[in-house]
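Let me begin by presenting the structure, written as structure tokens, before commenting on it.
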Amino acid sequence: MRRVYMDHTAGMPVDERVLEAMMPYFTQSYGNPSSIHYFGNAARRAIDEARTKISELIGTEKREEIIFTSGGTESNNVAIKGVAYRNKDKGDHIITSSIEHMSVMNTCKHLSKEGFKVANLPVDKYGIVDIEALKKKITNKTVLVSIMHANGELGTIEPIKEIGEIAHSKGAFLHVDAVAAAGQIPIDVQDENIDLLSLSSNDMYGPRGVGVLYIKAGTRTIPTLHGGGQERGLRSGTENLPGIVGMGKAAEIAQAEMTTESERLLNLRDKLIKGALDRIPESYLNGHPTKRLPNNVNVRFSYIEGESLILSLDMEGIACSSGSACTSKTLESSHVLLAVGLKHEEAHGSLLFTLGKQNADEDVKYVLGLLPGIVKRLRTISPLTPKDLVT
Ligand code: PMP
């Protein structure tokens, strides 16, 4: 059976070139970077090289500002908790948005149980953070503003530079979850006023279980893991050498190929969006039409359940998501879709296609050839569908 994978936010294949770069670090160059002998030196050099590649991808010249972690979740936890705990003398106020990833949302929720005050900024119907609300909520007691670079579910890209200016005007640090954006759109931590930035390797065709936290020099933070003092004391634990090398290679490839690959994906994205909206009555785009990640297609169809759509598409070999890609096993409506003002039934009728390197024109044609018929069939058996829509 033909298989079309369009669920890249949930998981990406590791690029063959990344795998090739990693292999020697399992069986040949396996030293501990803390050791001072030949093997240790080789490991340390490999890690520093990966650090340089990541720093180049996000626009800093200081590679020591890059800390390797176990992934996006850990980076978000360390960033938010570290700044919150270290800056208690300044204040106890954190600002975030209502469309953040669970690893940001639940970290903030945890801190609010510890006594921190957390403000969740609303977003507009496209998912763009309400800047006026930010200006109103921020005070001299705000220690951290945490807003994602782009939302992986809606595809919407946030005005990070402006958010950073506002955060800094009150002496607050800006943390940005760039897991969904990295490798898709350019990121420049210096130009965009970013103090802390989270990345996850697998979202850039690197191996799972590796991530990065960028911490700008001078940012007041403390470690949340204690141990041997690796990663400048900010993230103890023996470094995941092959994983780090893989993430470095993934960043190098992303930087070299992003412009052409994003243009190619954007073209496929727009064909899929337009094709679905043109062919299927009562279908709508979720997220911003243009301030949008090049790999993201999120559409909703009235009168049907996204879950039954996913299963029907799966029977035709097409893989995609509904709701939040990371937790789509739960049948709760996605908090992101509710935050942009959708009703529960609208959120449930939404489908998320995230495109990737292997997808080509034929895949989009294949999906568009099947999707309208599947939607029609499901609407026919739904008691909610108006008669004239299916006859
Ligand atoms: N932030 C965003 C926006 C994500 O999509 C994800 C999931 N890929 C994470 C954070 C968590 O990353 P990880 O799975 O590497 O912990």
Side-chain angles (χ1 to χ4, degrees), residues 5-14 18 54 58 66-81 96-110 120 123 127-129 146-158 160 163 174-185 187 194 196-214 224-225 235 237 240 243-244 246-247 250-251 254 286-287 292-298 320-330 334-337 339-340 352-356:
Y5 185 80
M6 291 193 179
D7 200 11
H8 288 81
T9 304
M12 291 197 187
V14 173
V18 167
I54 306 277
I58 63 169
I66 305 295
I67 303 295
F68 287 105
T69 67
S70 66
T73 299
E74 185 188 330
S75 297
N76 286 340
N77 269 265
V78 174
I80 298 168
K81 288 178 194 164
T96 182
S97 87
S98 48
I99 60 164
E100 298 301 311
H101 187 260
M102 293 293 186
S103 53
V104 169
M105 258 179 42
N106 286 339
T107 302
C108 290
K109 243 186 225 169
H110 172 79
N120 277 310
V123 294
I128 295 195
V129 166
S146 178
I147 305 288
M148 64 203 331
H149 208 291
N151 185 286
E153 209 178 323
L154 293 167
T156 301
I157 300 166
E158 301 296 339
I160 294 300
I163 292 170
L174 173 65
H175 166 244
V176 172
D177 174 353
V179 169
Q184 303 286 333
I185 54 172
I187 294 172
I194 298 169
L196 304 107
L197 181 106
S198 304
L199 304 174
S200 182
S201 156
N202 187 235
D203 290 69
M204 308 192 300
Y205 298 94
R208 288 184 193 169
V210 196
V212 149
L213 177 61
Y214 158 82
T224 52
L225 268 187
R235 204 284 185 175
N240 173 0
I244 290 170
M247 186 170 181
N286 292 326
R292 186 177 195 96
L293 291 175
N295 69 341
N296 179 292
V297 175
N298 192 331
C320 60
S321 276
S322 78
S324 167
C326 299
T327 52
S328 67
K329 262 202 222 137
T330 69
S334 141
H335 69 279
V336 174
L337 296 179
V340 294
L352 172 63
F353 297 93
T354 39
L355 308 171

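Worth knowing before you read on, the calculation uses all heavy atoms, side chains too, and leaves out hydrogens, waters and symmetry mates. Start at 1 and go down the list; that is how both ligands and their atoms are numbered. Small disclaimer: the values here were computed from a predicted structure and weren't measured.
Counting heavy atoms closer than 4.0 Å to ligand 1, residue Asn151 contributes nothing at all. Contact annotation: for Thr73 versus ligand 1, heavy atoms closer than 4.0 Å belong to both the backbone and the side chain. Counting heavy atoms closer than 4.0 Å to ligand 1, residue Asn202 contributes nothing at all. Residue Arg208 does not touch ligand 1, judged by heavy-atom distances below 4.0 Å.
Close contacts of ligand 1 with Asp203, meaning ligand atoms under 4.0 Å from a residue heavy atom, involve 8 (N). The ligand atoms of ligand 1 that sit less than 4.0 angstrom from a heavy atom of Asp177 are 1 (N), 2 (C), 3 (C), 10 (C). Each of the atoms 3 (C) of ligand 1 lies under 4.0 Å from some heavy atom of Met148.
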Exercise for review: Report the C-alpha separation of Glu100 and Ser146 in whole Å, then their side-chain angles, then the decisive distance to 0.1 Å, and conclude whether the side-chain hydrogen bond (donor to acceptor under 3.5 Å, both in side chains) test is met.
Suggested key: CA-CA 9 Å; Glu100 298 301 311; Ser146 178; 4.8 Å; no
Practice item. Could you go through the side-chain hydrogen bond (donor to acceptor under 3.5 Å, both in side chains) check for Thr354 and Asn295 one step at a time? Key: CA-CA 5 Å; Thr354 39; Asn295 69 341; 5.5 Å; no
Practice item. For side-chain hydrogen bond (donor to acceptor under 3.5 Å, both in side chains), just list the numbers for Ser98 and His335, CA-CA rounded to whole Å, side-chain angles, deciding distance to a tenth of an Å, and then say yes or no. Key: CA-CA 8 Å; Ser98 48; His335 69 279; over 6 Å; no
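Shown here are the ring-ring contact (aromatic ring centres under 6.0 Å, His included) partners of His8, two or more places apart in sequence or in another chain: Tyr5. Qualifying side-chain hydrogen bond (donor to acceptor under 3.5 Å, both in side chains) partners for Thr96, counting only residues two or more places apart in sequence or in other chains: none.
Between Ser200 and ligand 1, an N or O atom pair is found at a separation short of 3.5 Å. At under 3.5 Å, not a single nitrogen or oxygen of Ser103, backbone or side chain, sits near a nitrogen or oxygen of ligand 1.
Closest heavy-atom approach to atom 12 (O) of ligand 1 among the candidates Gly11, Ser198, Gly152, Gly72: Gly72.
Counting all heavy atoms, side chain and backbone alike, Ile99 lies closest to Asn151 at O-ND2, 2.8 Å.
Side-chain atoms of Ser198 and Asp177 form no donor-acceptor pair, as typed in the model, at a separation below 3.5 Å.
For Ser201 (side chain) and Pro207 (main-chain N/O), a donor-acceptor pair under 3.5 Å exists by modelled atom type.
The closest approach between any non-hydrogen atom of Gly211 and ligand 1 is not below 4.0 Å.
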